[in-house]
Amino acid sequence: MIKTENVHYDYIRYENDESSEPKITHAVTGVDLDVKKGQFIAILGANGSGKSTLAKHFNALLVPTEGTVYVGGMDTKDEERLWDIRQSAGMVFQNPDNQIIASVVEEDVGFGPENLGVPTDEIWKRVDEALTITGLTAWREFSPNRLSGGQKQRVAIAGIMAMRPECIVLDEPTAMLDPVGRTEVLEAVSDLNKNYGVTVILITHHMEETVGADRIFLMEKGKIVLSGTPREVFSHVEELAAAGLDVPQVTRLAYELKREGLDIPGTVLTADELVSCLYNDWSRQKGGAQPSDEVQHAPET
Amino acid sequence: MLREITLGQYYPADSVLHRLDPRVKLVATILFLVSLFVVQGWGYLICTGFLISVILLSKVPFRYMVRGLRAIFIVILITVVLNLFLTNGTVLWSFGILKITQEGVYNAVFMALRLIYLILGASVMTLTTTPNKLTDAIESLLSPLNAIKVPVHEMAMMMSIALRFIPILIEEADKIMKAQMARGADFESGNVLRRIRAMVPILVPLFVSAFRRANDLALAMEARCYHGGSGRTHMKPLKYDSRDVKAYIIVFAYFGVIIAVRAALGW
Amino acid sequence: MLLKLENVTYQYNIGTPGEVTALENICLDIDRGEYIGLIGHTGSGKSTLIQHLNGLIRPTSGRVLFEGEDIWGEGYSRQQLRFHVGLVFQYPEHQLFETDVITDVCFGPKNMGLSAEEAKERAAAALRAAGAEEDIYEKSPFELSGGQKRRVAIAGVLAMEPDVLILDEPTAGLDPRGRKEILTLIDDLHASRGMTIILVSHSMEDVADHAGRLIVMNKGKTAFDAVPKEVFAHYKELEAMQLSAPQVTYVMHALKERGLPVDINASTVAEAKESILKCYER
């Protein structure tokens with residue numbers, strides 16, 4: 001679906017005027033990525049790791065300084081296919097207010113289709129669908145000012161879905177939301193991926209948000225330094241901390257207990273898992289008692 | 001909290017006026033305002049009749065219309081006073097240097113009436129039409145100007161985006177004001193000059209914020225394939241129906257009567 | 001008693017169908033030197049409450065006392081109060097406006113009536129305390145990174161040398177590194193200057209490791225007011241208020257239920273580890 005080959009991106013800034021030496025920031029320094037249709041990908045990294053810059057390449061808001069980005073087979077440098085690329089890969093941004101254009105929810109959801117030249121009747125059909133799949137039908141005639149942050153982000157998602165994209169890229173969509181809003185958005189996104197087959201690329205610096213992804217890519221200083229399934233990536237606790245991320249308490253706890261010699265899997269993603277694993281191990285240690293807990297997790301690699 | 005205010009004070013109701021195409025309402029309002037400056041004397045009866053029927057048809061409680069008048073109350077007062085005391089002509093009453101003339105009374109009354117009807121007329125329109133429908137109407141009516149390269153669509157888009165963000169910016173101005181007050185800023189005391197200078201810590205951050213929002217919004221619009229007016233369709237296109245045609249006929253008839261009355265009877 | 005709220009209630013749109021009671025009968029005593037975490041769901045009233053503490057909002061009923069005086073009493077200057085009770089709003093970098101950093105930080109001191117010299121000294125000291133490097137002093141605040149801007153904004157309030165520092169979600173929008181840096185900064189201010197700190201947050205993790213006292217707001221009322229560990233023991237009720245205790249708290253309670261003799265009050269990874277390992281000792 002999206003493929004990048006040796007992508008580099010430099011931000012060039014002229015301090016005083018165009019004739020003096022420009023200040024160059026190497027934001028992305030050689031990224032190779034392959035996202036398959038229907039996958040849920042997470043790109044993890046601290047501020048300055050280049051993740052947002054990379055994200056903007058997926059819908060041709062930025063074009064690489066070096067290397068190539070293909071979206072659905074189309075080269076993002078091809079100006080003729082620009083609108084096709086952006087229809088195919090939609091993007092949701094960080095600030096909920098600054099991406100809503102209309103004063104009525106349903107009109108904002110229709111903005112994308114209007115731009116694509118979709119006939120009026122078809123626009124209404126798509127808007128109805130998009131509102132249904134994001135659970136916003138009851139609020140369709142409201143002004144966005146009456147919605148919570150989480151609801152506004154869902155409006156943004158609905159607006160993208162009305163364009164019938166193959167893929168949706170979310171650039172730190174929960175950064176400005178409270179915990180309730182964060183859960184709302186992540187559930188909506190997961191639903192889109194699992195039940196509607198939409199390819200999802202989630203950019204974030206919160207590790208807990210990436211637990212349900214198919215693959216995680218960790219970025220640091222413009223490069224991908226780690227990639228794998230959540231279990232694989234979460235096991236590299238020290239590297240994650242060094243890359244400036246907050247490792248969830250249960251993951252850190254499991255990692256440290258294992259280091260102390262406890263026989264539990266190296267990676268634990270949720271509190272329930274940790275409890276089950278610890279209980280099983282402790283019971284075993286106490287001798288005799290067979291572990292009675294069903295531990296549900298993928299076999300370790 | 002401030003975000004609950006809808007700009008233009010749209011009052012939702014189900015009336016004939018609410019259901020009319022916004023273009024009809026816009027044209028009617030303009031013609032009405034012009035008519036106020038064409039008539040004189042008894043001609044105002046016709047204007048009054050038209051205004052009252054329109055207000056009744058709108059099903060909007062009269063107190064909402066009166067709100068607009070409150071804002072210009074001072075202006076009306078000043079107009080009345082100036083006209084009353086400064087017009088020359090047949091003196092009706094005098095006290096020292098103050099005098100009231102017949103012409104003065106006449107002018108004061110009709111100037112005041114003109115202002116009041118102006119505000120009421122405009123209010124009926126904004127109370128029965130959502131701001132976005134209004135910008136759609138303006139975009140449609142000005143579309144012939146596209147032929148001479150006037151960016152009508154862009155202007156309409158700017159207007160509707162501005163309308164969407166006004167409540168947000170008002171709320172932000174409030175937050176900024178509180179933040180500066182938390183640093184000891186004083187917006188209440190001092191002379192006019194000092195108070196204007198005191199606005200800088202609110203205006204600068206507000207402008208910066210507005211620019212930042214504009215930047216973000218532009219990116220979001222591009223990401224949703226916005227590329228100007230060409231090739232764009234409308235989700236809620238404006239379409240005339242028979243009711244609108246009838247309304248146009250009534251409005252033009254009204255205007256015709258006004259002109260005729262003025263020409264023939266000098267009212 | 002430094003700050004006291006006596007039966008403070010705040011309502012708006014009174015008499016209309018849209019009447020809202022944002023705060024209901026709040027009674028709070030804040031002592032000098034405390035580090036208080038104020039948590040609650042969106043709309044619980046925490047932002048409204050802190051604006052009562054520096055006189056930006058007037059209670060509908062009840063009193064607010066600073067050092068024993070009613071701040072809404074006759075002749076009381078709330079402008080003066082704000083030099084003692086400093087409030088840093090959410091996304092404080094949105095209030096920056098001057099042409100360079102140091103002048104912006106001088107805004108508070110200048111409003112206090114200090115001379116240009118003294119204001120500059122205070123500003124420099126505040127910037128140092130906020131961890132802003134000297135090379136940014138002459139720069140325009142709009143050229144700085146998000147994290148730097150935030151430090152400058154915090155310095156703007158520190159420059160008034162307030163007795164109390166209230167921060168509304170100071171880590172909002174920051175990445176984990178940025179969050180740690182700001183929280184460390186606040187810890188320092190508390191430890192080295194004895195500043196009374198009130199930290200507002202929705203994140204339990206932020207306040208758990210730093211605050212000595214946790215006040216939980218729910219729908220305009222105070223639901224809990226105790227040391228963090230005591231508050232976490234009510235983790236089920238917290239969940240009903242759309243708040244969550246640290247992950248470790250859940251783990252400890254669940255393990256205890258299964259029969260492991262763990263300390264259910266452990267709320268950090270270190271404490272949990274120790275407690276769990278103890279279970280294995282023969």
Side-chain angles (χ1 to χ4, degrees), chain A residues 52 55-56 58-62 82-104 106-127 141-147 152 156 159-160 162-163 165 168-169 171, chain B residues 1-8 10 12 129-136 139 153-154 156-172 175 209-239:
Chain A
S52 285
K56 296 195 175 80
F58 297 152
N59 69 343
L61 280 178
L62 289 178
L82 186 62
W83 307 115
D84 293 321
I85 291 175
R86 291 195 181 154
Q87 179 270 320
S88 179
M91 185 171 276
V92 171
F93 299 86
Q94 204 180 94
N95 189 319
D97 273 316
N98 298 355
Q99 51 193 332
I100 297 181
I101 288 129
S103 332
V104 176
E106 62 181 12
E107 288 176 21
D108 190 74
V109 176
F111 182 73
E114 282 180 333
N115 293 333
L116 293 174
V118 171
T120 307
D121 291 330
E122 174 72 19
I123 296 181
W124 281 95
K125 197 162 142 248
R126 292 200 190 188
V127 167
E141 292 188 28
F142 276 40
S143 155
N145 295 336
R146 293 168 67 185
L147 302 180
K152 282 187 226 179
I160 300 292
M163 292 174 46
I168 176 167
V169 181
D171 189 359
Chain B
M1 197 187 7
L2 278 164
R3 289 193 184 192
E4 304 293 322
I5 302 172
T6 39
L7 210 62
Y10 174 66
T129 320
T130 62
N132 281 303
K133 278 241 160 338
L134 268 176
T135 49
D136 282 346
E139 185 178 356
H153 163 80
E154 281 76 4
M157 179 65 73
M158 286 196 297
M159 282 193 286
S160 57
I161 291 179
L163 286 170
R164 139 114 183 103
F165 277 91
I166 286 174
I168 295 182
L169 290 176
I170 290 177
E171 196 176 306
E172 185 149 9
K175 278 197 199 137
S209 162
F211 271 105
R212 202 175 20 94
R213 290 184 191 273
N215 213 38
D216 286 351
L217 203 64
L219 269 182
M221 288 169 79
E222 276 200 53
R224 293 211 259 163
C225 300
Y226 179 74
H227 51 274
S230 65
R232 267 193 119 236
T233 46
H234 289 273
M235 184 174 169
K236 298 182 178 175
L238 294 177
K239 262 201 301 246

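First the proteins, then the strands, lettered A, B, ... as listed; each starts at 1.
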(request) Supply the atom-to-atom distance B:Leu219 CG to A:Asn95 CG, rounded to the nearest 0.5 angstrom. (result) 12.0 Å
(request) Look at B:Cys225, B:Ser160, B:Ala220, B:Ala218 and state which one has the largest set of heavy-atom pairs under 4.5 Å with chain A. (result) B:Cys225
(message) With a 4.5 angstrom heavy-atom cut-off, is it the side chain or the backbone of A:Ile85 that approaches chain B, or both, or neither?
(response) neither
Acceptor/donor pairs from residues 106-115 of chain A side chains to any protein atom, 3.5 angstrom cut, sequence neighbours excluded:
| from | atom 1 | to | atom 2 | distance (Å) |
| --- | --- | --- | --- | --- |
| A:Glu106 | OE1 | A:Arg140 | NE | 2.7 |
| A:Glu106 | OE1 | A:Arg140 | NH2 | 3.0 |
| A:Glu106 | OE2 | B:Lys236 | NZ | 3.0 |
| A:Glu107 | OE2 | B:Lys236 | NZ | 3.0 |
| A:Asp108 | OD1 | A:Ile101 | N | 2.6 |
| A:Asp108 | OD1 | A:Ala102 | N | 3.2 |
| A:Asp108 | OD1 | B:Arg224 | NH2 | 3.3 |
| A:Asp108 | OD2 | B:Arg224 | NH2 | 3.1 |
| A:Glu114 | OE1 | B:Arg232 | NH2 | 3.1 |
| A:Glu114 | OE2 | B:Met235 | N | 2.8 |
| A:Asn115 | OD1 | B:Arg232 | NE | 2.7 |
| A:Asn115 | OD1 | B:Arg232 | NH2 | 3.0 |
| A:Asn115 | ND2 | A:Phe111 | O | 3.3 |
| A:Asn115 | ND2 | B:Arg224 | O | 3.0 |

(request) Side chain from CB out, backbone as N, CA, C, O: work out which of these in A:Val127 comes under 4.5 Å of a heavy atom of chain B, or both, or neither. (result) side chain
(request) Heavy-atom distances under 4.5 Å only: say whether A:Trp83 touches chain B with side chain, backbone, both or neither. (result) both
(message) If I take atom OG1 from residue A:Thr120 and atom NE2 from residue B:His234, how far apart are they, to the nearest 0.5 angstrom?
(response) 8.5 Å
(request) Among B:Ser230, B:Ala214, B:Ala223, single out the residue with the greatest number of heavy-atom pairs under 4.5 Å to chain A. (result) B:Ala223
(request) Show your reasoning for whether side chain to side chain contact (heavy atoms under 4.5 Å, CB included) applies to A:Val104 and B:Arg164. (result) CA-CA 9 Å; A:Val104 176; B:Arg164 139 114 183 103; over 6 Å; no
(request) Kindly indicate, with the supporting measurements, whether the criterion side chain to side chain contact (heavy atoms under 4.5 Å, CB included) is fulfilled by B:Phe165 and A:Asn98. (result) CA-CA 9 Å; B:Phe165 277 91; A:Asn98 298 355; 4.0 Å; yes
(request) Identify which of A:Ser103, A:Ala156, A:Ala60 forms the greatest number of heavy-atom pairs closer than 4.5 Å to chain B. (result) A:Ser103
(message) Looking at B:Thr233 and A:Val118, would you say the former's side chain and the latter's main chain have a donor-acceptor pair under 3.5 Å?
(response) yes
(message) I'd like to verify something: which residue of B:Ile161, B:Asn215, B:Asn132 has the highest number of heavy-atom pairs under 4.5 Å with chain A?
(response) B:Asn132
